[in-house]
Protein chains: 2
Amino acid sequence: MALLSKSCLYGLRTAIFVAQQNHNAFIPISDIAKELDIPADFLTKILQRLTKKNIMNSLRGVKGGVRLGKSPDKISMYDIVQAIDGETIFKKCFLNLEGCGEEAPCPFHESWKDFRTNLGNMLKDTSLTFLIENKKFTRLK
Amino acid sequence: MALLSKSCLYGLRTAIFVAQQNHNAFIPISDIAKELDIPADFLTKILQRLTKKNIMNSLRGVKGGVRLGKSPDKISMYDIVQAIDGETIFKKCFLNLEGCGEEAPCPFHESWKDFRTNLGNMLKDTSLTFLIENKKFTRLK
DNA sequence: AGAATAAAAGACTCTTTTATCCGAAATTAA
DNA sequence: TTAATTTCGGATAAAAGAGTCTTTTATTCT
Ligand code: SF4
Ligand code: SF4
């Protein structure tokens, strides 16, 4: 078990990679896939979830590909995770129970709530700009 | 995507449930399964991973079933998660990359490391005894 | 207009996780 | 010793996630 799905990791790595390139040009998904060692067709599907949310921007045809949909300091890890894996990580009870809590919380309820909130905030506070500062991602595959 | 696998959640809920019962008696897995609304045969398999680590104790035959393998204050959530889902959650990079970090960490490396450590500590510090204090788990299914 | 390129869309396969089934071994009770 | 019960262990099936392939649509260049 992992916190984030494989799709989500692919999405994050791609976003970081794209943020490191020239912002105006579209980069073919096949190039990214080769560079990051990710199955190209699969990556295409994943990135569609990012383009739908305007995190990325895509263009078909000869000079096509993907690029960031907005400035990298306006894109957080939270945005990407939410777009691909959804929000359940940030919202669900640690036992996946429904309906309990709040009225009659178990002893772990508050700790867990804090933990989720921290996770969410940490990801919200981490923008692509922050991640690529000093070109620190030498090894992205 | 979830932090913990379904198997792991089943295991945790079962451990909490069993901790709430009389500690000396064996409880048939089928009873637990019915009570918590978990597939019985599947639960049997999951609990084997806990008995192997002596978190639970099992007995076949007429008065058989499972019970805690040690006192509930010696069993932490960490123990259970580790037994069922393993330790990768507590150890892996947020991008699942190998080999990087330490020598040339990315800007997120430390934050993530802290986060994982916190998660581990939080689960280590949460014993079954703590969880069942005041019989707060009214709703466990 | 036509050829080439690249993402979108959908069907399909492979793998892992979750769930079911069944015979064997252990334990209890009569 | 026999019958009943309950976990164990292995095989199989169903569901979900990951990955592949093929066709369609949009875009560029000649
Ligand atoms: S009270 Fe406990 S079991 Fe209920 S939602 Fe909160 S954390 Fe989950
Ligand atoms: S440096 Fe960043 S990418 Fe590398 S292991 Fe640490 S968190 Fe992961």
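No experiment lies behind these values; they were computed from the predicted model shown. A, B, ... follow the sequence lines: proteins, then strands. Residue 1 opens every chain.
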Next item on the list: Inspect the surroundings of NZ in A:Lys74 and state if more than 12 heavy atoms from other residues, nucleotides or ligands are less than 6.0 Å away.
Entry: no
Next item on the list: Using modelled atom types only, decide if a donor and an acceptor are shared between the side chain of B:Asp79 and the backbone of B:Ile55 within a distance under 3.5 Å.
Entry: no
Notebook entry, point to check: Counting distance only, does the side-chain N/O of A:Ser5 pair as donor-acceptor with the main-chain N or O of A:Cys8 below 3.5 Å?
Noted result: yes
Checklist line | Length of the CD1-P vector between B:Ile29 and C:dT20, whole Å | finding: 15 Å
Item checked: Nucleotide of C:dA8, C:dT27, D:dA18 approaching A:Ser5 most closely (side-chain heavy atoms) -> D:dA18
Notebook entry, point to check: If you pin A:Leu59 and A:Lys6 to their nearest nucleotides in DNA chain D, which one's is more 5'?
Noted result: A:Lys6
Note to self: Angle between ring planes, A:Trp112 versus A:Phe94, binned at 30° and 60°: parallel, tilted or perpendicular?
What the structure shows: tilted
Check: Between atom CG in A:Leu4 and atom P in D:dA18, what is the gap in whole Å?
Finding: 11 Å
Check: Is a side-chain donor or acceptor of B:Arg67 paired with a backbone partner of B:Met56 at a separation under 3.5 angstrom?
Finding: no
Next item on the list: Can you tell me the distance, in whole Å, between the CG atom of B:Asn57 and the C1' atom of C:dT27?
Entry: 14 Å
Margin query: Please give me every residue in residues 44-54 of chain B whose heavy atoms get under 4.0 Å of an atom in DNA chain D, ordered by residue number.
Written below: B:Lys45, B:Gln48
Margin query: For D:dA18 and A:Ser7 - does any side-chain N or O of the residue sit under 4.0 Å from the phosphate oxygens OP1/OP2?
Written below: yes
Checklist line | Polar pair under 3.5 Å, donor/acceptor by atom type, side chain A:Arg60, base C:dA8 | finding: no
Check: For the pair made of CG in A:Leu43 and P in D:dC21, what is the distance, rounded to whole Å?
Finding: 16 Å
Checklist line | Value in whole Å for how far the C1' atom of D:dA13 lies from CG of B:Asp41 | finding: 13 Å
Next item on the list: For B:Asp85 and C:dT18, give me the distance from atom CG to atom C1', rounded to whole Å.
Entry: 13 Å
Check: If you pin A:Gly65 and A:Met1 to their nearest nucleotides in DNA chain C, which one's is more 5'?
Finding: A:Gly65
Note to self: Is it the case that the side chain of B:Ser127 and the backbone of B:Asp73 share a donor-acceptor pair, with hydrogens and angles ignored and the cut-off at 3.5 Å?
What the structure shows: no
Notebook entry, point to check: Where each residue is assigned the nucleotide of DNA chain D containing its nearest heavy atom, which of A:Lys63 and A:Pro39 is assigned the position nearer the 5′ end?
Noted result: A:Pro39
Margin query: I want to verify a distance call: between C:dT18, C:dA7, C:dT28, whose nearest atom is closest to the B:Val62 side chain?
Written below: C:dT28
Item checked: Gap between atoms CD1 and C1', on A:Ile32 and C:dA6 respectively (whole Å) -> 12 Å
Notebook entry, point to check: Can you check whether B:Tyr10 has a side-chain N or O nearer than 4.0 Å to OP1 or OP2 of C:dT18?
Noted result: no
Checklist line | Note: A:Lys92-A:Glu98 ion pair, threshold 4.0 Å (strictly below) | finding: yes
Next item on the list: Using whole Å, report how far CZ of B:Phe42 lies from C1' of D:dA11.
Entry: 16 Å
